[in-house]
Q: 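Before I ask anything, let me first share the structure, which is written out below as structure tokens.
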Amino acid sequence: MAQTPVKVTVTGAAGQIGYALLFRIASGQLLGADVPVTLSLLEIPQAVKAAEGTAMELDDCAFPLLRGIEITDDPNVAFDGANVALLVGAMPRKAGMERGDLLEANGGIFGPQGKAINDHAADDIRVLVVGNPANTNALIAQQHAPDVPAERFTAMTRLDHNRALSQLAAKLQVPVTEIKKMTIWGNHSATQYPDLFHTEVGGKIAAELVDEAWLRDTFIPTVAKRGAAIIEARGASSAASAANAAIDHVYDWVNGTEWTSAAIPSDGSYGVPEGLISSFPVVSRNGKWEIVQGLEIDAFSRERIDASVRELEEERDAVRQLGLI
Ligand SMILES: NC(=O)C1=CN([C@@H]2O[C@H](COP(=O)(O)OP(=O)(O)OC[C@H]3O[C@@H](n4cnc5c(N)ncnc54)[C@H](O)[C@@H]3O)[C@@H](O)[C@H]2O)C=CC1
Ligand SMILES: O=C([O-])CC(=O)C(=O)O
């Protein structure tokens, strides 16, 4: 029997991440090479025409797995029956801004989209928030979707994870595939903590293979500030690498994976207040993210995890003050 296509809704479909993402979804890289999809593209009215242009190009690829494309400026239509929602549509930051500066500008987008997901999405909906500040936008969307299980709302720190893998691989002159158990903790922001104390390279702990000054003064800031470095170099924020990370996140969530990083609602593990959407070491089993348990956290790591979590609490309090949650 023909398989029912999976409906994937992408917001901000006419933006730069959208352009790097849609063709990969349609080619089967988001869910699997045998999973047919329909695409729903949500845009603001002034960008619908550009999204239509992208849809024409998608048609022109004749992707065997792509069973339909819908383009709309109405979230209630876009999320109707959606199985996967990639919330990308939001303003990107410019040179000199921190991601937190986008809180007010972008926060207002995610409440109505959360409500539309609540009211219209399929029962198995999975949501990945990419638009910044991603963790807190995910919290806003989740708070407007009381009927959807809270753990279906996640935010993207996979790009940070992949950046950390690449930086470490270059330092140790090993292929990225040699590196296991990399972790990003906390917020997708400059306070994030890429942790090498549980990372393994050839069976050895990565923190013991590099000197402490490099770890503290080069590795951590390079990973945490990579987004700004890309903006500085490219004149625009990361797009293809962000799309790639979104593909990695959803593919692994649906199909299962060993240790990676994802921002998911805290259950209180590792002292992260319950409910905050914070990055953790995770595995995916049976279509669900699970936090890796039982890790020892030393004082160096504790201080950095706490700082990033404090920032998440401040963002949560700020959006409360703004009446967004
Ligand atoms: N979590 C992460 O690792 C990363 C997050 N980002 C964030 O992703 C977001 C998108 O980045 P780009 O694609 O480069 O931006 P872009 O400006 O190229 O595209 C954004 C698109 O969103 C649309 N949009 C705005 N409001 C919308 C709404 N209410 N509903 C639907 N669509 C809407 C705009 O019309 C535009 O086409 C930014 O917030 C950026 O900071 C970017 C890189 C990495
Ligand atoms: O830094 C930005 O504004 C875009 C982003 O989130 C990233 O590249 O990590």
Side-chain angles (χ1 to χ4, degrees), residues 9-22 40-54 71-79 85-117 127-138 140-141 154-164 166 184 186-192 194 222-250 261-263 277 279:
T9 301
V10 179
T11 76
Q16 48 154 8
I17 296 176
Y19 197 74
L21 186 58
L22 292 166
S40 181
L41 314 186
L42 178 67
E43 260 297 351
I44 53 174
Q46 11 349 347
V48 161
K49 187 150 191 283
E52 283 169 356
T54 305
I71 304 153
T72 179
D73 61 7
D74 182 350
N76 295 321
V77 173
F79 294 115
L86 301 174
L87 306 191
V88 179
M91 191 217 294
R93 69 178 169 146
K94 310 284 180 324
M97 293 169 81
E98 284 303 322
R99 294 190 187 91
D101 297 334
L102 297 173
L103 209 54
E104 196 167 352
N106 286 341
I109 295 172
F110 291 85
Q113 291 184 359
K115 181 167 183 348
I117 287 169
V127 182
L128 171 63
V129 176
V130 175
N132 278 317
N135 302 53
T136 298
N137 288 338
I140 294 170
T154 66
M156 193 165 91
T157 52
R158 187 59 172 268
L159 178 53
D160 311 294
H161 179 98
N162 289 343
R163 288 167 171 164
S166 272
I184 304 292
N187 199 2
H188 172 64
S189 77
T191 68
Q192 68 179 266
T222 299
V223 173
K225 296 180 185 164
R226 185 73 165 180
I230 300 280
I231 293 170
E232 179 67 31
R234 231 172 68 81
S237 64
S238 305
S241 56
N244 179 68
I247 298 268
D248 284 350
H249 178 113
V250 173
S261 305
I277 298 186
S279 191

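Counting starts at 1 for both ligands and their atoms, following the listed order.
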Q: I'd like the atom pairs linking ligand 2 to the protein - N or O on both sides, separation under 3.5 Å - with distances to 0.1 Å.
A:
unit_1	atom_1	unit_2	atom_2	d
ligand 2	1 (O)	R93	NE	3.1
ligand 2	1 (O)	R93	NH2	2.7
ligand 2	1 (O)	R99	NE	3.3
ligand 2	1 (O)	R99	NH2	2.9
ligand 2	3 (O)	R93	NE	2.5
ligand 2	6 (O)	R99	NE	2.8
ligand 2	6 (O)	R99	NH2	3.3
ligand 2	6 (O)	N132	ND2	2.8
ligand 2	6 (O)	H188	NE2	2.6
ligand 2	8 (O)	R163	NH2	2.7
ligand 2	8 (O)	S238	OG	3.1
ligand 2	9 (O)	R99	NH2	2.7
ligand 2	9 (O)	R163	NH1	2.8
ligand 2	9 (O)	R163	NH2	3.4
ligand 2	9 (O)	H188	NE2	3.3

Q: Within a strict 4.5 Å, meaning less than it, do heavy atoms of the I44 and D73 side chains meet?
A: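 No, their side chains stay 4.5 Å or more apart.
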Q: Nearest heavy-atom pair of R226 and R163: which atoms, and what distance?
A: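 In terms of heavy atoms, the two residues are closest at CG-NE, 3.3 Å.
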Q: Report every pair formed by an N or O atom of ligand 1 and a protein N or O atom separated by less than 3.5 Å, giving atom names and the distance to 0.1 Å.
A:
unit_1	atom_1	unit_2	atom_2	d
ligand 1	1 (N)	V130	O	3.2
ligand 1	1 (N)	H188	NE2	3.4
ligand 1	3 (O)	H188	NE2	3.1
ligand 1	6 (N)	N132	ND2	3.4
ligand 1	13 (O)	Q16	N	3.4
ligand 1	13 (O)	I17	N	3.0
ligand 1	14 (O)	Q16	NE2	2.8
ligand 1	18 (O)	Q16	N	2.9
ligand 1	30 (N)	Q113	NE2	3.3
ligand 1	32 (N)	G12	N	3.3
ligand 1	35 (O)	E43	OE1	2.7
ligand 1	37 (O)	G15	N	3.4
ligand 1	37 (O)	E43	OE2	2.6
ligand 1	39 (O)	M91	O	3.1
ligand 1	39 (O)	N132	N	3.0
ligand 1	41 (O)	N132	ND2	2.8

Q: About how many Å separate CD1 of I140 and CG of N106, when rounded to the nearest 0.5 Å?
A: 9.0 Å
Q: Does NZ belonging to K49 count more than 12 external heavy atoms closer than 6.0 Å?
A: no
Q: With rounding to the nearest 0.5 Å, note down the distance linking CG in N135 to OG1 in T154.
A: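 N135 atom CG to T154 atom OG1 measures 10.0 Å (nearest 0.5 Å).
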Q: Heavy atoms only: give me the nearest A246-L21 pair and the separation to one decimal.
A: CB-CD1, 4.2 Å
Q: From M91 CE over to N132 CG, what is the distance, rounded to the nearest 0.5 angstrom?
A: 11.5 Å
Q: How would you list, by chain and number, every residue that makes a side-chain contact (heavy atoms from CB on, under 4.5 Å) with I71, sequence neighbours excluded?
A: L41, V48, A51, E52, A55, I69
Q: Which salt bridge (Lys or Arg N to Asp or Glu O under 4.0 Å) pairs, counting each pair once, include a residue from residues 101-115, with sequence neighbours left out?
A: K115-D119
